[in-house]
S.K.: 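One structure is given below, represented as C-alpha cells, and several questions about it will come after.
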Amino acid sequence: MSIYEKYETVIGLEVHVQLATASKAFCGDDARFGGAPNTHISAISLGHPGTLPRLNKRQVEFAIKLGLALGCEINLENTFDRKNYFYADLPKGYQITQDRQPICIGGSLRIPSGEDFKTIRIHHIHMEEDAGKSIHDQDPENTLIDLNRAGVPLLEIVTEPDMRSPEEVDALMSGMRQLVRYLGVSDGNMEEGSLRCDCNVSVRLKGAEKYGERCEVKNLNSMRFAKRAIEFERKRQIDLLESGGTIKQQTLNFDPATGITTPLRDKEDAHDYRYFPEPDLPPVIITEAYLKELDQNRSPLPWELLEEFQSTFGLPLYDATLLTQEKTTALYFKSLCQESKHYKAAANLLINKILPEIQEQKIGLAEFPLSQKQLAEFVDLIQSDKVSNTIAYQKLFPALLKNPNQAPLALAEKMELIQSQDEDFLKALVENILAQNPDKVKAYNSGKKNLLGFFMGQLMRQSKGKANPKAAEELLKELL
Ligand code: ADP
Ligand code: MG
C-alpha cells in the first residue's frame with residue numbers, strides 16, 4: 001500500500017456567491033459584472049468619510065430564498081459586523097459581513113457521489129460585500145485597482161468538513177450553481193467570479209477520529225483549478241507528515257501556471273480582524289409573514305423536478321438529470337408533456353435534437369422557432385408509426401426548422417414521408433424485391449434466415465423509408 005492510500009482527505013468549503021441584484025449591497029451603484037474600470041462607484045463604495053451604508057432588501061430576500069431551499073433555519077434577527085483589514089482594493093479598510101449572527105444557520109445539500117448520494121451539511125450562510133479587484137498583470141511596475149466590484153453583495157455558504165474528494169467538491173459546487181440559478185439569485189458564472197470557493201483541506205489516517213490540521217486555499221474560480229489545488233495539497237500534507245513534519249494552519253494561494261500552492265499568510269484568527277458590530281446598520285428583523293410570503297412564491301427546486309420527472313413521467317435518472325440541469329429546460333419539458341403523453345419520446349427529442357440545436361445557434365429555448373404544439377405533433381407522428389423514427393429525425397425535423405410555420409403532419413404529407421400501412425403498396429414492393437432476388441430467396445428458405453436483414457434493407461430503400469418496418473417484416477416473412 002502506498003503512503004497516500006493510508007490517508008483520507010477532508011474538505012470543507014467557503015462558497016462565495018455574487019448576487020444578481022441591480023445595485024450594490026449598501027448603496028445604489030450598479031452591481032453588474034464588468035464595465036470600464038472604476039465607473040460603478042460612488043462616495044459610498046469608495047469609502048469616503050461621512051458616508052453611511054443602507055441595506056439592500058434584495059440581498060436579504062436572496063439570502064432567505066437560498067436558506068429556505070437548503071433547509072436552513074432563518075435567523076429572524078441577524079446582525080452585521082465589521083471585519084477590518086488593510087488592502088488597497090478595500091477602500092473602507094473594512095468589509096461589512098456577518099460574524100456573530102448570520103442570516104441562515106444549518107441546512108444541507110444532497111450531492112451525487114459515485115453511484116449514490118451523499119448529504120453535505122451546511123454550517124451557516126452569511127451576507128457580506130465583495131472587495132475591489134487588484135490587477136497585477138497589466139502594468140510592469142504597478143498594481144492597478146478596479147473598484148467596480150467593491151461593495152457588490154455576496155452570500156458566503158460555509159459547509160461542514162464533509163467532503164472527501166475533489167469529485168465531491170465538484171458535485172457540491174455544481175449543485176450550488178444549479179440551485180442559485182434555479183432561484184434566480186445569481187448567474188453562478190464561475191469565469192466571471194460569480195461563484196468561487198475557498199477550499200479547506202486536511203488529511204488524516206483512514207479510520208482516525210480526529211481531523212487533521214487544515215490549510216485554506218483561497219479564491220478558486222474554476223473546478224479544474226480546485227481539483228488540482230486539492231490534489232496538490234493532499235500530497236504535500238501527506239509527504240510532510242510522513243517525513244515527520246507537522247501541518248501548520250495556513251492560508252494558501254494556488255497558482256494554476258505552476259500547479260502548486262504557496263503560503264499567503266499564516267492563518268489569521270478572528271481577533272486579527274478586530275471584528276466588531278457594524279454601528280451604521282441596525283439589526284435585520286425578519287417577520288414570519290415575510291418568510292411565509294417567500295415560501296409560498298418559491299421556485300420549484302432541482303431535486304423536486306428530478307424526482308417528478310422519474311416518478312410522473314417515468315424517465316430514467318440519466319434523462320431526468322439532463323433535463324433538470326437548468327430550470328428553463330425543466331419547465332419547457334414539463335409544458336411539452338402537457339401537449340404529448342409520449343414523455344420518453346419527448347425527452348429524447350429535447351435531449352438529442354433541440355438542446356444541441358439551440359446550443360449551436362447560441363439561442364435560448366424561448367427563441368427556438370418551433371412551438372411545443374408542433375413538437376408534440378412531431379413526437380406523436382413517430383409514436384403512431386406515421387413517420388419512421390429515422391425519417392422523422394433525418395428529414396422531417398430539419399425541414400420543419402426551415403419551415404417553422406408548417407404543421408408537422410402537413411409537411412410530412414407534402415414531403416411524402418408518411419409510412420405506408422397500405423397492404424397493397426407493401427405487397428407490391430415485397431413481391432417485386434423477391435422477384436429481383438431469386439437466389440437470396442432460395443438461400444433464405446434453405447436456412448440462411450439472417451438474409452431477412454438484406455430484404456428489409458432493400459424494402460426500406462425502395463420505399464424511401466416509407467414502409468412501416470413492423471408491417472413490412474411480417475409481410476416479408478409471410479411471402480418468403
Ligand atoms: P474559520 O475559517 O473562521 O476558522 P471554521 O474553523 O469554522 O472557520 O472553518 C471554516 C471552514 O473550514 C469550514 O468550511 C469547515 O468545514 C472547514 N474545516 C474546518 N476544519 C477542517 C478540517 N480539519 N479539515 C478540512 N476542513 C475543515
Ligand atoms: Mg475562513
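Counting starts at 1 for both ligands and their atoms, following the listed order. For reference, positions follow the sequence shown, starting with 1. All values below were derived from every heavy atom in this structure, side-chain atoms included, with hydrogens, water molecules and symmetry-related copies excluded.
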S.K.: Within the 4.0 Å heavy-atom shell around E160, which atoms of ligand 1 are there?
M.R.: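 Heavy-atom distances to E160 below 4.0 Å select 16 (O).
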S.K.: Tell me the nearest of K210, H123, M163, R214 to atom 8 (O) of ligand 1, using heavy-atom distances.
M.R.: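 Ranked by closest heavy atom to atom 8 (O) of ligand 1, first place is R214.
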S.K.: Evaluating non-hydrogen atoms only, which member of I157, N200, L13 is closest to atom 26 (N) of ligand 1?
M.R.: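 It is N200 that holds the nearest heavy atom.
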S.K.: To the nearest 0.5 Å, tell me how far D187 CG sits from R32 CZ.
M.R.: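 The distance works out to 12.5 Å.
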S.K.: Within the 3.5 Å criterion, strictly below it, is a donor on S42 or D29 matched to an acceptor on the partner's side chain?
M.R.: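 Indeed, the side chains of S42 and D29 share at least one donor-acceptor pair under 3.5 Å.
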S.K.: For the residue pair D239 / Y4, report whether a side-chain donor-acceptor contact shorter than 3.5 Å exists.
M.R.: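 Indeed, the side chains of Y4 and D239 share at least one donor-acceptor pair under 3.5 Å.
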S.K.: Strictly by modelled atom types, are E160 and H123 linked by a side-chain donor-acceptor pair under 3.5 Å?
M.R.: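 Their side chains do not contain a donor-acceptor pair, so the 3.5 Å distance test is not met.
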S.K.: Flag the pair K227 and D170 as a salt bridge only when some basic side-chain nitrogen lies within less than 4.0 angstrom of an acidic carboxylate oxygen.
M.R.: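 Between D170 and K227 there is no salt bridge, as every charged N stays at least 4.0 Å from the carboxylate O atoms.
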S.K.: Side chain or backbone, does E216 bring an N or O within less than 3.5 Å of an N or O on ligand 1?
M.R.: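 No; the residue has no nitrogen or oxygen that sits under 3.5 Å from a nitrogen or oxygen of the ligand.
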S.K.: Numbering the atoms of ligand 1 from 1, which are under 4.0 Å from a heavy atom of Y211?
M.R.: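 That gives atoms 23 (N) of ligand 1.
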S.K.: Quick one: does ligand 1 sit under 4.0 Å from the side chain of E213, the backbone, both or neither, non-hydrogen atoms only?
M.R.: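 Neither part.
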S.K.: In terms of atom number and element, which parts of ligand 1 are under 4.0 angstrom from non-hydrogen atoms of G212?
M.R.: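 Reading through ligand 1 atom by atom, the close ones are 23 (N).
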S.K.: Is there any N or O on V201 that sits under 3.5 Å from an N or O of ligand 1?
M.R.: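 Between V201 and ligand 1 (N or O atoms, distance only) the closest approach is not under 3.5 Å.
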S.K.: Within ligand 1, which atoms have a heavy atom of P161 less than 4.0 Å away?
M.R.: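 That gives atoms 16 (O), 26 (N), 27 (C) of ligand 1.
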S.K.: Is any side-chain heavy atom of L70 closer than 4.5 Å to one of M176?
M.R.: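 Side-chain contact under 4.5 Å: yes.
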S.K.: Backbone or side chain, does any N or O of E14 fall under 3.5 Å from an N or O of ligand 1?
M.R.: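 In this structure, E14 places no N or O atom under 3.5 Å from an N or O of ligand 1.
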S.K.: Any side-chain heavy atom of R214 sitting closer than 4.5 Å to one from V10?
M.R.: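 No. Closest side-chain heavy atoms not under 4.5 Å.
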S.K.: Counting only nitrogen or oxygen atoms and a 3.5 angstrom limit, does V158 reach ligand 1?
M.R.: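 Among all N and O atoms of V158, none is under 3.5 Å from an N or O of ligand 1.
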S.K.: Roughly how far apart are H16 NE2 and E128 CD, rounded to 0.5 Å?
M.R.: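 Taking NE2 in H16 and CD in E128, the distance rounds to 4.5 Å.
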